[in-house]
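Below: one structure, written as structure tokens.
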Amino acid sequence: MDISGLNEQQKLAVLKTDGPVMILAGAGSGKTRTLVTRIAYLLEDLHISPFQVLALTFSNKAAREMRERISSMVEADIGSLQITTFHSFCARVLRSEANYLGLSKNFTIYDTSEQKAVVKAILSRHGVSTKEVSPFEVMYYMDDLKNNGHYPGRDLSSADYEIEESDTFFTYYQQYEAELHKANALDFGSLITGVIELFEKFPEVLKRYQDRYKYLLVDEYQDTNRAQFELVRMLSEKSRNVCVVGDEDQSIYSWRGADIRNILDFEEMFSDAKILKLEQNYRSSKNIIEAATQVISRNSQRKGKSMWTDNPHGEDIEIIECLNDKKEAEFISNKIVELDKADKPYKEIAVFYRTNTQSRLIEDYLRKCNVPYRVVGGVKFYERKEVKDLLAYVRVVVNDRDSLALSRIINVPARGVGATTLRKLEEEAIQNNCSLWEILDRLVASPEDYKHIRLSAKVKSALNHLVTLINEIKVSSDSVAPSSLYEKLLHESGYWEFLKSSKDYESQARMENLEELSSALVQFEQSNDNPTLMSFLETITLDTTTKSEGEIDEERDNGEVSLMTIHGAKGLEFHHVFVSGAEENVFPSYRSLDEGETGIEEERRLFYVAMTRAMEKLYITFAQGRMLFGQLRFNGPSRFLTEIPEKFYRWRKPSGGTQTSGQSWGSSDNVIDDFNQDSNYDEVPVYQVASYEEVVDAPKAKFAKGAKVVHSLYGEGTVLDSSGIGKEEKISIKFSDGARKKFLVKFAPIVLA
DNA sequence: TCGACGATCGTTTTT
DNA sequence: CGATCGTCGA
């Protein structure tokens, strides 16, 4: 293996194959290249069988990329090389060892919406309305347990988390788990904890896997949760050849359970661990790297790396202060048009935002300017109602104990089986201690046994038809191609007809989606050795990469501008990057602001990720006023802007328009008033910066309850409520027209009347 | 059983 | 503002 092109640290990372290694790889430091070379080195030079290597990633995209790069590097057939996501790996293990845990190998995987449905059912069973307890709270609670590696009945003596068993949420959790078990289903979290349970309860099974996988690699290690860490620890306990690669500064999924302790405590967990740092950045200009380094250095939760680069200094970062969100979108579009005129390909340009909703305005303006773009992420194909419906049919075929799927389709299309009838059938299932499907199946097979369930002739015949259809498909599922089974389901269930005859203007689009689902299935058949409905279901629940994302590489012209959330941008790079909406309450998001310092640090990492995607040029834009939740808000520039030292940027702000003087945000001398923007907001805010000046350092609440105030946009009002002091002061105002609104005093154009 | 209409409430989303 | 949800009424 030729490793002469690697730097010294990278070489060490490739060659140190024995014992635990943690590679802290900064943004753009050649992380994937190193990882891929390391695997190639194992196979080619050390002659390790691909069968003995397991590489775990988070996304299917990362797994695919790694596999492709390795296969182009080595001679050997890497068919048996396992490069896969944590979840796929666990699903595979659990399918082959299903019997140990009382599962059946055709188990269904529930996604978040199905998880929610089960939680709702349990809450309603307890007579708890979703208003009293939000299903999300329960889901969050359960996810938290699972992220920590908990499964029902786990021995907690060695666990590093605690459980209050008298907690009603714990009861909900237990019932939820029981419910999933009955349905022969697992959710994302229990795919991981299921394997932990398997390994803990059956050491001989664990030993088999330990013996097989002599070399373990974990990518994006900063995003692992505690459960995944446990899994890694167990698998590598014997060989101790574990190599994890991550960057604590790019940990942006803590809200999904990623635990930064996995990085910070790695050395404690693996006492003989070797820590390597990849600190040379090959991606970005010096300006960008140094600025980003300054920003991230404010975080306390980090191991600490010092990134550097040999790349040229590059252009200044540009911070653009826009009058409002429309002007921001307009600026970005115009700039992109300019870049295009300078022969910069669209595909080298990306626009990032904190939340998906922010894409709309930007899209509008890009369209106006005839700039081709694609939105990465957004509405997922497999989350569409009609797709979910059809997949529910498929799920029932694959796993008839999946009562949730069955109840979803039992009356879709409408068969006259309403909530009441369904309730009766479910009651009967509970009485008989069997699944909903078994009741239906028996009811159709021997109706005389179920005379006590009073059903109309119409309902009976409808159920008969449904059950017969499902049974026919089940019988032929071994001999008939999945796509043919799908077609049969689609048409004989009446779903297609139902859409066709529907006058709903959306049903045309729905039909197209179902055709797309069909072609996805055909495509799946063509690219898999042993395609089954089960494996198709698993693939689409565990791999959400949309088809269009894969097609982009084929694009051989200028391509398209990429629009995405910053989360979606991780791992990518672009020559020209726009980070939009750099305002307080947007980025950092208002939600993380009340989480305190932890929240801010995660947002800062997000900001760091955003900055370090840029290779040549970085534009950061923000709007003075933004339409948010239906009202115009004045949030002020993001604190992260002030964390970039002045020498790295030029701050441009509007001149002319209705901008009032006295603006003080870009306080430095590198502010350039060269950027003319007239407002075309219908209701142009009269900008009263004076109040901002006065309020910002106020030692006590400026606006007390009951005070009469004037808002430059909304007029006169009375303060209803006030909280926080100084910069944190928030007030709610009742205006003379009766409207009630809340403001962050610091930025609201409000004065005492 | 279905639809229409208010009330509600707003992150991020690898799997 | 807008999607989503639950509650009514037919």
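Sequence lines set the chain letters: A, B, ... in the order given, protein chains first and strands last, and positions in each chain run from 1.
Going from atom CD of A:Glu602 over to atom P of B:dT11 covers 16 Å, rounded to whole Å. Residue A:Asn356 contributes atom CG, which lies 10 Å from atom P of B:dT14 at whole-angstrom precision. The distance between atom CZ of A:Arg591 and atom C1' of B:dG10, rounded to the nearest whole Å, is 8 Å. Residue A:Glu383 contributes atom CD, which lies 11 Å from atom P of C:dT4 at whole-angstrom precision. The CZ-C1' distance, from A:Arg92 to B:dT15, rounds to 15 Å in whole Å. Atom P of nucleotide B:dG10 and atom CG of A:Asp594 are separated by 11 Å, given to the nearest angstrom. Across the protein-nucleic acid pair, A:Phe629 atom CZ and B:dC9 atom C1' stand 8 Å apart, rounded to whole Å. The CZ-P distance, from A:Phe136 to B:dG10, rounds to 10 Å in whole Å.
In this structure, A:Arg415 and A:Met564 both approach DNA chain B, and ranking their closest nucleotides by distance from the 5' end singles out A:Arg415. Comparing A:Ser589 and A:Ala414 against DNA chain B, the residue whose closest nucleotide sits nearer the 5' end is A:Ala414.
A syn orientation is assigned to B:dT11, its glycosidic angle lying within 90° of 0.
Side-chain atoms of A:Thr565 lie closest to B:dT13 of the nucleotides B:dT14, B:dT13, B:dT11. When each of B:dT15, B:dT11, B:dT1 is scored by its nearest atom to the side-chain atoms of A:His87, the top-ranked nucleotide is B:dT15. When each of B:dT15, B:dT1, B:dT12 is scored by its nearest atom to the side-chain atoms of A:His567, the top-ranked nucleotide is B:dT12.
A side-chain donor from one of A:Tyr495 and A:Asp389 sits under 3.5 Å from a side-chain acceptor of the other. Side-chain contact check for A:Glu97 and A:Tyr209: at least one donor-acceptor pair (N or O, by modelled atom type) lies under 3.5 Å. If you check the side chains of A:Asp187 and A:Ser190, you find a donor sitting under 3.5 Å from an acceptor. There is no side-chain donor-acceptor pair under 3.5 Å between A:Asn148 and A:Asn225.
Both cation-pi conditions hold for A:Arg226 and A:Phe229: the charged atom is under 6.0 angstrom from the six-membered ring centre and inside a 45 degree cone around its axis. Annotation: cation-pi geometry not satisfied between A:Arg613 and A:Phe352 (NZ/CZ under 6.0 angstrom from ring centroid, within 45° of ring axis).
Residue contacts for A:Ser592: at a heavy-atom cut-off of 4.0 Å it reaches a base atom on one of the strands shown. Base contact: A:Glu603 has a heavy atom under 4.0 Å from a base atom. The residue A:Tyr253 sits close to a base: some heavy atom pair falls under 4.0 Å. At a threshold of 4.0 angstrom between heavy atoms, the contacts of A:Val417 are confined to the sugar-phosphate backbone, with no base atom among them. Note on A:Glu595: a base of the nucleic acid sits closer than 4.0 angstrom, heavy atoms only. Residue A:Ala62 is classed as having no contact, given no heavy-atom separation below 4.0 Å to the nucleic acid. Within 4.0 Å (heavy atoms only), A:Gly416 reaches sugar-phosphate atoms of the nucleic acid but no base atom.
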* Asked: side chain to side chain donor-acceptor pair (under 3.5 Å) between A:Glu584 and A:Asn635: does it pass, once the steps are laid out?
  -> CA-CA 5 Å; A:Glu584 288 291 295; A:Asn635 293 306; over 6 Å; no

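Nucleotide B:dT11: unpaired (no Watson-Crick or G-U wobble partner with both distances less than 3.5 Å).
Proximity of residues 111-122 of chain A to DNA chain C (heavy atom under 4.0 angstrom from any strand atom) is restricted to A:Lys116, A:Lys120.
Atom C1' of B:dT11 sits at a distance of 24 Å from the matching atom of C:dG6, rounded to the whole Å. Atom P of B:dT12 sits at a distance of 15 Å from the matching atom of C:dC5, rounded to the whole Å.
Here A:Trp255 counts as stacked on B:dT12: its ring centre is under 5.5 angstrom from the base ring centre and the planes meet at under 30°.
No donor-acceptor distance shorter than 3.5 angstrom exists from the side chain of A:Glu601 to the backbone of A:Asn299, with no hydrogens or angles considered. A donor-acceptor pair under 3.5 Å is formed between the side chain of A:Glu603 and the backbone N or O of A:Ser589.
Between A:Asn60 and B:dT14, a side-chain N or O to OP1/OP2 separation shorter than 4.0 Å is absent. At B:dT11, none of the side-chain N or O atoms of A:Asn585 fall inside 4.0 Å of OP1 or OP2 (strictly under the cut-off).
Side-chain to base pairing of A:Arg256 with B:dT15: one donor and one acceptor N or O lie within less than 3.5 Å of each other.
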